[in-house]
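Both ligands and their constituent atoms are indexed starting at 1 by order of listing.
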Amino acid sequence: MIGSTTRKSSSRSEVWAGRHSVHSMSAPEEKARRVFSEKFGGDPEIAVFSPGRVNLIGEHTDYNAGYVLPMALPLITVIVGSRRDDEKICLVTTAEGADEPHKVEFVAPSRDSPLVPGTPKWANYPKGVIQHYRAGPVPGFNAVIATSVPLGGGLSSSASLEVATYTFLQQLCPDDGDVVQKALTCQKAEHTFPGVPCGIMDQFISVMGREGYALLIDCRSLEATPFPLTDPELSVLITNSNVRHELTGSEYPTRRKQCEETARALNKEALRDASMEELEAKKENLSEVCYKRARHVITEIERTAKAAHALKKGDYKLFGKLMVESHNSLRDDYEVSCPELDELVTIALEVPGVYGSRMTGGGFGGCTVTLLETSASEQAKQRIQEKFQGTPTFYVTKPSAGCGVL
Ligand code: GLA
């Protein structure tokens, strides 16, 4: 069941072949520096970035303690800024699509007056991180945010803003440098400020991303294994449907609850611990919906582990087949796809040289990810442009590094 649809006006067709070269500044950095000097005068003392991500396979498995296989993107959120002499924090966003006002000012949190969520919505992400930062008290500062990660496009614009904020705070008042705690703190910020009960995948990959590698993340132990994605004959094409269905916000927590309820009914800590045999044995005691949700999660965790090994062996055909199975399971059992994403996958799969294609991220709009021969990318884009009913945006990307200082 799909709610109302928002089609963004964008008709761009953009291609990122990789992160900006060593000598040239990325567009968001340039913009953030320019706006900083306009609003606050002078040059910022600090400049940091954090990437968005695309998940190759392992969807809706992270909050079930399962596996995910994302890679960090060359699409980044940049924050530049400087310390102030008082305790005020002033944040300006230049992000397209952020709600008004684009400038907020508040007093740095203290034990007696913590920050609380509010409006504008975009400010809840940095505010949540500032509130939960592990090495406070945070001093006053001015900062400007700029991003090339499309907002709400399923490429993890939220986590990239949270992790960029944390990385910025580390330059102002350093913490102990624990990278796992950093990701967990950003996740906590998202749970408590914007109020989205997300898993750990997005924050983790934005912190730990590695150039040339996708990471197989075990969301229970929080261990990550790098899998190389450097074959020049293999490409990852992201297609943004530029569609976002309104139900995204309410459906995600509902899915999470259904999974937790089913794990309890199976007497397991998490669905990661259940096998298909155990699920089948208890089928009569479960609602049809819970049975289907669990079937997706259990089979998806298995597919993700298999896909990582297929990648290691260079078996792209098998990887692609698992991607398609993942999409079908998300569409039929988890019910988080939508007609636009299904259409994009169907069109991509018609193109010779495409190994596999699936929706990526939370669902109900946003992007698909397609694994294909590099020589097939132009044809795939062209075919999608011609046949897709909407206005797609393309990103041909390479796995990029996690957050850092510019
Ligand atoms: C969103 C969440 C992630 C993950 C995905 C689905 O991106 O933030 O934690 O659950 O959906 O795989």
Should the pair [X] and [Y] be assigned to parallel (<30°), tilted (30 to 60°) or perpendicular (>60°) ring geometry?
{"X": "His296", "Y": "His60", "result": "perpendicular"}
{"X": "Tyr133", "Y": "Tyr166", "result": "perpendicular"}
{"X": "Tyr252", "Y": "Tyr63", "result": "perpendicular"}

Proximal ligand 1 atoms for [X], defined as those under 4.0 Å from one of its heavy atoms:
{"X": "Tyr63", "answer": "10 (O)"}
{"X": "Gly362", "answer": "11 (O)"}
{"X": "Arg53", "answer": "7 (O)"}

Exercise. Of the listed options (Glu59, Glu190, Gln187), which comes nearest to atom 6 (C) of ligand 1 when hydrogens are ignored and any heavy atom counts?
Worked result: Glu59

Give me the nearest non-hydrogen protein atom to [atom] as residue plus atom name, then the distance to 0.1 Å.
{"atom": "atom 5 (C) of ligand 1", "answer": "Met201 CE, 3.8 Å"}
{"atom": "atom 10 (O) of ligand 1", "answer": "Tyr252 OH, 2.6 Å"}
{"atom": "atom 4 (C) of ligand 1", "answer": "Asp62 OD2, 3.3 Å"}

Exercise. Hey, does Gly199 come in under 3.5 Å of ligand 1, counting only N/O atoms on both sides?
Worked result: yes

Problem set entry | Check: Asp202 N/O within less than 3.5 Å of ligand 1 N/O | yes

Exercise. Of the options Val35, Val104, Ile145, which is the one that meets Val92 in a side-chain contact (heavy atoms from CB on, under 4.5 Å)?
Worked result: Val35

Problem set entry | Check: Asp342/His327 side-chain N/O donor and acceptor closer than 3.5 Å |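 Note: Asp342 and His327 side chains meet the donor-acceptor criterion.
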
Exercise. Do NZ/NE/NH1/NH2 and the carboxylate oxygens of Arg220 and Asp273 come within less than 4.0 Å?
Worked result: yes

For this session: Answer yes when Arg34 and Glu30 have at least one side-chain N-carboxylate O distance shorter than 4.0 Å, and no when they do not.
Result: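 No, Arg34 and Glu30 are not salt-bridged.
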
